[in-house]
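To start, the structure under review is shown below, and the notes come after it.
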There are 2 protein chains.
Amino acid sequence: MGKGVSPAADTRGRIVMAAMELFWAKGFNSTSIADILSRTQLNAGSLYHVFPGKQDVLIAVLEAYRDGIEENLLKPAWEGVDDPIERIFALLARYRWMILETDCTYGCPIGSLALELHEADPVVRDLLAVNFANWAGAIEQCLAAAGDRLPADTDRRALGEFVLTVMEGGVMQARTHRDVGYFDRGVDALRTHFDMLLARAARRPEPVQGD
Amino acid sequence: MGKGVSPAADTRGRIVMAAMELFWAKGFNSTSIADILSRTQLNAGSLYHVFPGKQDVLIAVLEAYRDGIEENLLKPAWEGVDDPIERIFALLARYRWMILETDCTYGCPIGSLALELHEADPVVRDLLAVNFANWAGAIEQCLAAAGDRLPADTDRRALGEFVLTVMEGGVMQARTHRDVGYFDRGVDALRTHFDMLLARAARRPEPVQGD
DNA sequence: GGACGGATTGAACGCTCATTCAAGAACGAG
DNA sequence: CTCGTTCTTGAATGAGCGTTCAATCCGTCC
């Protein structure tokens, strides 16, 4: 055993990691196979030995995002944050950090790909949708954990999607204007939204039967 | 006089119109010059007689969006709608209609281009930013017209940007899932947001001095 | 009618890209 | 060592792209 990875599996991993970074930085269409090869120090044949074509690299990348959301995104963002509502904003803060770290060129990798690949084939589109759904689902779980701090009639699934909507829209504007302020103001508005919801729930606590 | 357009101006107009549709439907990079030529029934030389290169076609398209927002977007959307808050939702309804009309493949043309053109040159980026700013500015004017129906401390500029954020994020999710529901639920959440703001303002009308 | 310049034609060019493949290296099993 | 399989090499291929340009057309004014 030891490092019991077949050479092909290692090659595959290196390609996926390089492609993740490149697709994120340059987009799918603007990333050439040659880009991936030069970054991984591989030759065309090795890549095509592992993947049938470029699109299959994309699929592997989207699967990696799907399978790594817990470990690579949520866990680090929620380190030391226990309050479920604050976890939502901690996740958004992590995106803010990424925007700053990349001089406002950051875009959510999934969001960028989703808009770039208009006529994507069904496999790709499903993977994009699953990634979105998992993200919104993570928020939904936070909202569920918030219990009756939210109004009882709150659609937690829809509110989770709304958080994703605000994140994607904010990232998009921040990047276009090259100014985090646009992201910040979106998050502020979302905070106001939550404050108003929490205040409403506090005002009329649990609508008991016969309220 | 009569149809006093020089041939070049006519050619230019046809190219811009065709490019508008193609960039919207296929994106900038995926639209070839040949696509534009076949749709306009022109030859390469005619296009390059009017435009130095492909990027200049993009610039002309973005200028057309910028100059036509009032006539082509706001005026039709606001036909017969006078209430400033309802105008906001009338505009969103128009986007919903476009989503449906295109079987959920619609993406806001500006938003799509903004995400596709990561490393756009400054001229292009500025035009994208101006288009966003004008859109948000139109909403801001609605909010200003709403006067004290909104809480006095409401940042109307930021709220205008927030509406744009929700629109773009909603369009993106609706398209990825091929389901308008995602857009609708975002608009619903925004409606809730406005309802809560309006209710708050109604509860404490104008915070008079010494409140 | 003649001449001039704006406008058009469409083949050709050079480049990048995804993909292929024959040849060979590496490695484990017997 | 030897066979067989897996994996790698890297040049070649062919399609598609944005762009160029010499030749040609055509409307206008003298």
Side-chain angles (χ1 to χ4, degrees), chain A residues 1-23 25-62 113 116-121 123-124, chain B residues 1-23 25-62 113 116-121 123-124:
Chain A
M1 310 173 198
K3 47 176 107 153
V5 274
S6 73
D10 175 60
T11 297
R12 193 190 143 94
R14 281 161 65 199
I15 290 171
V16 170
M17 195 159 300
M20 243 169 163
E21 295 170 16
L22 287 165
F23 291 168
K26 315 177 46 175
F28 176 71
N29 287 311
S30 304
T31 297
S32 66
I33 296 286
D35 287 335
I36 298 175
L37 297 178
S38 87
R39 180 177 280 236
T40 52
Q41 303 276 42
L42 292 168
N43 295 92
S46 301
L47 189 148
Y48 282 92
H49 181 71
V50 177
F51 293 104
K54 192 186 177 188
Q55 175 170 261
D56 302 272
V57 177
L58 172 62
I59 290 173
V61 163
L62 290 173
L113 290 170
E116 182 178 355
L117 306 168
H118 297 146
E119 312 166 344
D121 87 14
V123 180
V124 171
Chain B
M1 310 166 206
K3 45 178 110 152
V5 273
S6 71
D10 175 60
T11 298
R12 193 191 144 92
R14 282 162 62 200
I15 290 171
V16 169
M17 195 159 302
M20 244 168 160
E21 294 171 19
L22 288 165
F23 292 168
K26 316 178 46 175
F28 175 70
N29 287 311
S30 305
T31 297
S32 68
I33 296 286
D35 287 335
I36 298 176
L37 297 178
S38 87
R39 180 176 282 233
T40 52
Q41 301 277 40
L42 291 169
N43 293 92
S46 301
L47 188 149
Y48 282 92
H49 181 70
V50 177
F51 292 104
K54 190 186 179 190
Q55 175 168 266
D56 301 273
V57 177
L58 172 63
I59 290 172
V61 164
L62 290 173
L113 290 171
E116 181 178 357
L117 305 166
H118 296 148
E119 313 169 339
D121 87 13
V123 180
V124 172

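Within every chain, numbering begins at 1; the chains are lettered A, B, ... in the order of the sequence lines, protein sequences first and strands thereafter.
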Quick check on side chain to side chain contact (heavy atoms under 4.5 Å, CB included): which of B:L62, B:N29, B:V61 does B:F23 satisfy it with? B:V61
Nucleotide [N], atom [atom2] - distance to [atom1] of [X] in whole Å:
X	N	atom1	atom2	answer
B:F51	C:dA7	CZ	P	13 Å
A:N29	D:dC17	CG	C1'	13 Å
B:D10	D:dG27	CG	C1'	15 Å
B:I15	C:dA7	CD1	C1'	12 Å
B:R12	C:dG6	CZ	P	18 Å
B:I33	D:dC17	CD1	C1'	9 Å
A:L37	C:dT19	CG	P	12 Å
A:D35	C:dT16	CG	P	12 Å

Would you indicate what B:T31 reaches in the nucleic acid, counting non-hydrogen atoms under 4.0 angstrom: base, sugar-phosphate, or nothing? sugar-phosphate
On the nucleotide C:dT20, are OP1 or OP2 found under 4.0 Å from the side-chain N or O atoms that A:Y48 carries? no
Show which side-chain atoms of residues 43-60 of chain B pair as donor or acceptor with protein atoms under 3.5 Å away, not counting sequence neighbours.
| from | atom 1 | to | atom 2 | distance (Å) |
| --- | --- | --- | --- | --- |
| B:K54 | NZ | B:F28 | O | 3.0 |
| B:K54 | NZ | B:T31 | O | 2.8 |
| B:Q55 | NE2 | B:D121 | OD2 | 2.7 |
| B:D56 | OD2 | B:G53 | N | 3.2 |

Tabulated below should be each protein N or O lying under 3.5 Å from an N or O of nucleotides 4-8 of chain D; please produce it.
| from | atom 1 | to | atom 2 | distance (Å) |
| --- | --- | --- | --- | --- |
| D:dC7 | OP2 | A:H49 | NE2 | 3.4 |
| D:dT8 | OP1 | A:T11 | OG1 | 3.1 |

So how far is it from [X] [atom1] to [Y] [atom2], rounded to the nearest 0.5 Å?
X	Y	atom1	atom2	result
B:T40	B:M17	OG1	CE	12.0 Å
B:S32	B:L37	OG	CG	8.0 Å
B:L22	B:I15	CG	CD1	11.5 Å

Intermediate values then yes/no, side chain to side chain contact (heavy atoms under 4.5 Å, CB included), B:E116 and B:L113: CA-CA 5 Å; B:E116 181 178 357; B:L113 290 171; 4.3 Å; yes
Of C:dT20, D:dC17, C:dG10, the nucleotide closest to the side chain of A:A44 is C:dT20
Residues in side chain to side chain donor-acceptor pair (under 3.5 Å) with A:S38, at least two apart? none
